[in-house]
Amino acid sequence: MSNQIKFLTKNFGQYDTSSIGSYMNIGGFEALRKAVTMDPEKICDRITEVKVRGRGGAEYPLGRKWSQARAVVGENKVVVCNADEGETTTFKDRELIQKDPFNLIEALIIAGYVCGATDGYIYMRAEYACLRPLLLNAIRQAKNYGFLGENILGKGFNFNLHLYSGGGAYVCGEGTALIRSIEGKAGRPRMKPPFIKVSGLFARPTCLNNVESLSIVPHLLVDTDNVYASCGSGESIGTKMISVAGNVNHPGVFEIPFGTTVREIIYNLAGGIQHDRDIQLIQFGGASGKIADASILDTPYTYDDLRNAGVMVGSGGILVIDERTSVIDFLRMNQEFFSEESCGQCTPCREGNLHIKIILDKIANHTATQEDIRIMATIARVMSMSSLCGLGETAQNTLQSAMLTFPEVFEVGGTES
Amino acid sequence: MTTANKVKDIPMVHLTINNIPIEVPKGTKIMQAAQTLGIDIPHLCYHEDQRIKAHCRLCAVEVVGKRRLLAACSTEVWEGMEVHTDTQIVRDTQVSILQLMLANHNKDCLSCPRNQNCDLQRLCSRFNIQHSPLPSVLKDEPRIETNPSIVRDPSKCIRCGRCIRACKDVQGIAALTYAGRSSDIVVTTAFNKPMEATDCILCGQCSLVCPTGAIVEKDDTNKVLDALQDPQKHVIVQVAPSVRVALGDAFGMEPGAIVTGQMVTALKLLGFDKVFDTNFGADLTIMEEGAEFLDRLQNGGTLPMMTSCSPGWVNYMEKHFPNCIGHLSSAKSPMSMFGAIAKTYYPENAGIDVKDIVTVSVMPCTAKKFEAARPEMGRNGIPDVDVVLTTRELIKLIKYVGLSFKNLPESEFDNPLGLSTGAGAIFGATGGVMEAALRTVYEKVTGETLEKIEFSEVRGFDGIKEAAIKIKDREIRVCVAHTLQNARRIMEQVKKGTSPYDFIEIMACPGGCIGGGGQPIGTTNAIRKKRMAALYEIDRDLPLRKSHENPEIQTLYREFLGEPLSQRAHELLHTTYHKVAKPYEFN
Ligand SMILES: Cc1cc2nc3c(=O)[nH]c(=O)nc-3n(C[C@H](O)[C@H](O)[C@H](O)COP(=O)(O)O)c2cc1C
Ligand code: SF4
Ligand code: SF4
Ligand code: SF4
Ligand code: SF4
Ligand code: FES
């Protein structure tokens, strides 16, 4: 397992996740102790120095986000941890919560300190209900030890943490929908502005971060040997949690240094393809991600290299599909997901998903016309260009990349059906 | 003008739209900026009086430097912004969105209540949507026609959310909501119950903002046409004060145009035997309600007394504050008082069998249809009012007979029930009932002539207005509210027993009846204000401006009713209310 590294995962298995004492024995809360002696802006600088980008999919620079959250003028700011992990093929956040819950708690307290927030919320996917006791226990113990509550570490800083269960819909991972869901409303996205950084949860200034993005920070603050900075290069520094699924021998979560090739990920870490079959396609970043064929294998896993190869890091999920599944069947399966998960508020996404599904079925049945393909491409473009939220924007990423990568699949008989 | 001053304080932003440079105040949205250039960016979910929803996405425009299109309704302009409203991707988006809507729409325009008055239809025409290539994905959704006021047709719904906003943000009721998700999302009531079985009070504000035929008034025009064709029937019509300042909108006239004369002519040409005025009923209401107020004041009755002429409001009270119905005036509404007189005094005098009389009323309101159907509003199985038409239905009748409304000569209401005062006229605006009542109450109590009869404190569009009026040695504290959102605030006080007022006027709809749920499609707050001004103009120009000075009212009491609050007045002109249980309670 030459490509695996332990930075974010270094506490995994090293302590009793139900005991704060055990966590402190391996250096737990040292990062927080250090953080509260630092100028919060310096913490943002440290994060920016190693170019950490948000791991939830949008890839927004974390240091800049925190710095902006700090700058927002407002009472009772909140930081929210997005643990909805709704993207298909994506299960690395679960691993981080399950194997190192105290690090996440510590990270949120640091986030609160940096952003000047009084409350933190963890919005966790309903399906992760089994992890609730673990987190609740961690929050309770942190409170008993004075890491949460009033005057934390004697620094006059107050911060409380709350755990919420998700509404069960993929779209609840979208920032505005997530916030409405915590507020007790239906989890449907709303237009921006107001941006949540100005008016988010309960109309308070809100800083939303993915589990992995947050989890990096405590490790980074005590990374005296610059392990993180020594991994990767260019715009992609450090390590990345990825989850590999599909027709591989060893699906699972892996921490890799940026720059590991896709081949190394699939064939070394995930143990290669079952029965040594050929790869039909690889989807990066879950259902809203893009796909590539096997020609991507030697591409290093970095933000820029993947983008140049026509895909994206996105959620960090990697789905490997072998030769037994046709591209069109894969697209139909992917479409099922969005046909279910669209919230239905805005026209392009609600109606567009419906019609694209119909046309994909026609392609599978060999009844599609050239006109159908043209319409499908137009609808996909209109959806991505004009939908209200990121779901509709990205729902046809897979289809659009498939049309580029596998044009032959969309070559149908003449214009007549 | 104040806006001109305001513009001076707000910094200006410079941008180009389709390469034309313009300057607009900071905070302006792209849609309004384009409007100043005469560019109408297509929109469906946007409504000028509502919170922005940005659901339909039809207003998408291209902004240089942005990866995606931006919604013109929700995006503020910025310095140096370059907007394009006419590029290929913008057009593709507009056309695709309309095609997508149509594929999920019951396109029976020819037999749709909103035919030729529908935003979706207009936009499909504007974008020349012909032979849409998409297959229909419409589910079989029947029309829902379970109450006398409002009909829903989900097969026409484009899920724009305007009705939801009207019900929640204007009325504070939230009877309508989105339910489900993805292509199953619908706009419906709690548990899909019929509207009348929910918190809904049938005000029709949802039908007024719906861009399509998905929520409409229940159409009763055929009942009227049938009655008019029946030689046995003596069909009389009364017209509410607010209709005459709204009707012209539908015939290309300026909003707020006073079309009383043309309207009366049109009704006569339609074949009504008598054309009477609800304003007469309004004067009568003041006589009774004013007397009731004095009686409560002097004899320790329940105060504050609250007006009862807005049926949406009465429904609200019965459903939402049933323990407070003692505060409602027992006086019937002008429409029902008029109906009661038209079914008793009038036939007696005219020598007509009451069974042959059909009373039709033209109202700005869908809830009036419900009011007319209440068993309390009539006697011996004879209802006070047989058919209620909304302003919108009258428009349809006028169009049906092919009248060139604008060019009709003017004529006068028939007598005796057609004479009214300025006090009756202003009933159509929020604050009008209160002002009319004060004019009469003041003179009744003091025996003096009221010199300054205009109560400016209770005029205008503010949601809640209050005033204190010294009548003899007593100070009367009054309050006026419109929309139920505002009414709720007043009611919370009444419920707690902390209301500081003696007399409260409430109208369910924004602006009062001039903004009612049965008024012409396209009614906005700006137009409501013009109608309001028109009603005060009618009042100002009338020789008689106090209800008790109406000579026909005086005759009616002398010949028939006796005194206000007499036994007979009680039988005919007053009513009772009752708690309406909700089928569920969320608590
Ligand atoms: C439909 C949709 C679903 C999303 N689901 C998630 C999710 O499950 N977890 C997550 O961290 N971010 C999700 N995101 C991204 C978040 O909106 C947001 O960008 C992210 O949580 C910000 O954190 P980060 O900057 O740390 O990545 C989703 C976005 C969209 C549009
Ligand atoms: S893009 Fe899809 S998920 Fe997002 S608001 Fe529109 S319908 Fe809902
Ligand atoms: S709602 Fe509009 S588009 Fe639809 S059928 Fe009626 S008139 Fe036609
Ligand atoms: S009629 Fe009035 S109360 Fe009923 S749903 Fe429409 S807006 Fe709401
Ligand atoms: S009923 Fe009318 S207003 Fe309401 S969502 Fe449907 S189309 Fe829009
Ligand atoms: S009008 Fe802008 S999104 Fe509907």
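Proteins get letters first, then strands, A, B, ... in listed order; numbering begins at 1 in each.
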Does any backbone or side-chain atom of Ile358(A) lie under 4.5 Å from a heavy atom of chain B? Answer side chain, backbone, both or neither. side chain
Side chain from CB out, backbone as N, CA, C, O: work out which of these in Ser384(A) comes under 4.5 Å of a heavy atom of chain B, or both, or neither. backbone
When the 4.5 angstrom heavy-atom criterion is applied to Arg190(A) and chain B, the contacting part is neither
Based on non-hydrogen pairs under 4.5 Å, which of Met191(A), His355(A), Glu341(A) is most in contact with chain B? His355(A)
Go through the atoms of Ser96(B) and report whether side chain, backbone, both or neither lie under 4.5 Å from a heavy atom of chain A. side chain
Chain A contacts, top residue of Asp92(B), Thr177(B), Ile52(B) (heavy-atom pairs, under 4.5 Å): Ile52(B)
Please report the C-alpha distance between Glu59(A) and Arg307(A) in whole Å, then the side-chain angles of each, then the deciding distance to 0.1 Å, and finally whether the salt bridge (charged side-chain N to carboxylate O under 4.0 Å, His left out) criterion is met. CA-CA 12 Å; Glu59(A) 304 178 1; Arg307(A) 197 178 292 270; 3.0 Å; yes
Cut-off 4.5 Å, heavy atoms of chain A, and the answer for Ala60(B) is side chain
Does the distance from a Lys or Arg side-chain N to an Asp or Glu carboxylate O, for Asp119(B) and Arg114(B), drop under 4.0 Å? no
Looking at Lys185(A) and Glu183(A), is there a salt bridge between them, counting it only when a charged N and a carboxylate O are closer than 4.0 Å? yes
Are Thr16(B) and Asn19(B) close enough that a side-chain donor and a side-chain acceptor fall under 3.5 Å? no
Okay, Lys66(B) and chain A: the region with an atom under 4.5 Å from a heavy atom over there is neither
Heavy-atom proximity to chain B below 4.5 Å, by part of Ala186(A): neither
Ile158(B) versus chain A, the contacting section by heavy-atom distance below 4.5 Å: backbone
Checking side-chain polar atoms at under 3.5 Å, does Ser288(A) have a donor or acceptor matched by the opposite partner on Glu87(A)? yes
Do you know which of Gly161(B), Pro135(B), Cys45(B) has the most heavy-atom pairs with chain A at a distance under 4.5 angstrom? Pro135(B)
So what's closer than 4.5 Å to chain A heavy atoms on Leu69(B): side chain, backbone, both or neither? both
Polar contact flag, side-chain donor to acceptor under 3.5 angstrom, Asp184(B)-Ser182(B): no
Go through the atoms of Ile379(A) and report whether side chain, backbone, both or neither lie under 4.5 Å from a heavy atom of chain B. side chain
Answer whether the closest heavy-atom distance between the side chains of Leu123(B) and Met101(B) falls below 4.5 Å. no
Indicate whether any N or O donor in one side chain lies under 3.5 Å from an N or O acceptor in the other, for Asp305(A) and Thr302(A). yes
Have Asn353(A) and Gln396(A) got a donor and an acceptor in their side chains that come within less than 3.5 Å? yes
